[in-house]
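Presented below is the structure to which this report refers.
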Amino acid sequence: MHTILERQLPLVYRVAATQVATAADAEDVAQDVFLEYVRRQPAFASDEHEKAWFIRTTLHRARNLHGSAWRRRTQSLELSPEPTAADDELGGAVQMALLSLPDEVRVILTLFYYENMDTAQIAATLQLGESAVRKRLQRGRDRLRSLLGGDAS
């Protein structure tokens, strides 16, 4: 029988890795998400509810990481983002292009392509309208195509 950590860690890490620039930051976000789970002990009505909670909590923790006072007062010694485990799946150029997209577009592309969620599931998870999800998905595809030098038509 799988524990919740075994079930959700790959999802949490993949989502975190597409939201932050380094593997260490993705690990920090994942750790924070599971600490939050231990603190709150939420009861889930279904597997989909559990998955949605972990995705929303991961996105929230990743945004908090960027805005923390400590982060604003420090400067990274890295010249470029450290490769993450997601680089194996995405490829270096795609990962860099994905990281350059706005958060609201990047998360939708991640959930659609790497978590195989449809637009209705993404809309329910992120508490958005389906049309907003479809619009952001298209905007993200167009922007990635442009960044990666593909034909924009």
Side-chain angles (χ1 to χ4, degrees), residues 1-74 76 78 81-92 94-144 147:
M1 185 164 155
H2 290 287
T3 66
I4 200 155
L5 179 68
E6 291 169 328
R7 265 194 329 272
Q8 298 300 339
L9 182 59
L11 166 73
V12 168
Y13 186 82
R14 276 192 306 271
V15 171
T18 63
Q19 300 300 302
V20 298
T22 68
D25 286 346
E27 290 167 4
D28 287 346
V29 167
Q31 180 178 349
D32 285 348
V33 168
F34 284 97
L35 285 172
E36 184 70 14
Y37 171 76
V38 169
R39 278 188 209 114
R40 289 183 182 234
Q41 292 292 310
F44 301 115
S46 66
D47 289 343
E48 287 300 314
H49 181 225
E50 178 181 295
K51 184 176 182 178
W53 185 90
F54 276 98
I55 290 169
R56 282 193 305 270
T57 303
T58 301
L59 294 172
H60 179 73
R61 293 294 178 188
R63 277 192 292 272
N64 285 350
L65 182 72
H66 289 301
S68 73
W70 183 81
R71 287 248 180 232
R72 288 192 304 267
R73 291 189 198 132
T74 61
S76 174
E78 297 176 35
E82 174 183 331
T84 66
D87 285 337
D88 294 337
E89 280 182 45
L90 300 171
V94 175
Q95 177 71 9
M96 294 304 296
L98 193 59
L99 284 171
S100 73
L101 297 176
D103 290 344
E104 68 271 1
V105 173
R106 184 172 56 235
V107 71
I108 295 203
L109 288 169
T110 300
L111 296 177
F112 187 81
Y113 287 108
Y114 300 104
E115 297 306 322
N116 297 316
M117 294 173 73
D118 62 32
T119 56
Q121 292 171 314
I122 295 169
T125 298
L126 300 179
Q127 300 171 335
L128 296 170
E130 282 189 63
S131 62
V133 170
R134 285 191 298 272
K135 185 174 184 176
R136 290 177 188 180
L137 184 60
Q138 187 59 49
R139 202 174 334 150
R141 287 174 178 152
D142 292 345
R143 185 71 180 127
L144 275 178
L147 290 169

* Asked: How long is the span from the CG atom in Leu137 to the OH atom in Tyr113, to the nearest 0.5 Å?
  -> 5.5 Å
* Step-by-step side chain to side chain contact (heavy atoms under 4.5 Å, CB included) determination, Glu27 to Tyr13 -> CA-CA 7 Å; Glu27 290 167 4; Tyr13 186 82; 3.8 Å; yes
* To do: Quick one: pull up CD1 in Ile55 and OG1 in Thr58 and give me the separation to the nearest 0.5 Å.
  => 7.5 Å
* Go through the steps for Asp32 and Leu65 under the test side chain to side chain contact (heavy atoms under 4.5 Å, CB included), then give the verdict. => CA-CA 10 Å; Asp32 285 348; Leu65 182 72; 5.8 Å; no
* Asked: Can you tell which of Thr119, Asn116, Val15 makes a side chain to side chain contact (heavy atoms under 4.5 Å, CB included) with Leu111?
  -> Val15
* Asked: Under 4.0 Å between a Lys/Arg side-chain N and an Asp/Glu carboxylate O for Arg136 and Glu104?
  -> no
* **Reported CD-to-CG distance for the pair Gln138 and Leu109, which is rounded to 0.5 angstrom** => 10.0 Å
* For Arg63 and Asp103, what are the C-alpha separation, side-chain angles and deciding distance, and is it a side chain to side chain contact (heavy atoms under 4.5 Å, CB included)? -> CA-CA 9 Å; Arg63 277 192 292 272; Asp103 290 344; 4.1 Å; yes
* Approximate separation, where rounding is to 0.5 Å, of Arg106 CZ and Leu59 CG -> 9.5 Å
* To do: Not counting sequence neighbours, list each pair that qualifies as a salt bridge (charged side-chain N to carboxylate O under 4.0 Å, His left out) and has a residue in residues 45-55.
  => Arg7-Glu50
* Asked: Taking only residues two or more places apart in sequence, or in another chain, which ones meet His60 in a side-chain hydrogen bond (donor to acceptor under 3.5 Å, both in side chains)?
  -> Asn64
* Looking at Leu147, Val107, Thr18, which hits side chain to side chain contact (heavy atoms under 4.5 Å, CB included) with Leu101? -> Leu147
* Between CG on residue Leu128 and CD1 on residue Ile122, distance to nearest 0.5 Å -> 9.5 Å
* **Pairwise distance CZ(Phe34) to CD1(Ile4) - rounded to 0.5 angstrom** => 7.5 Å
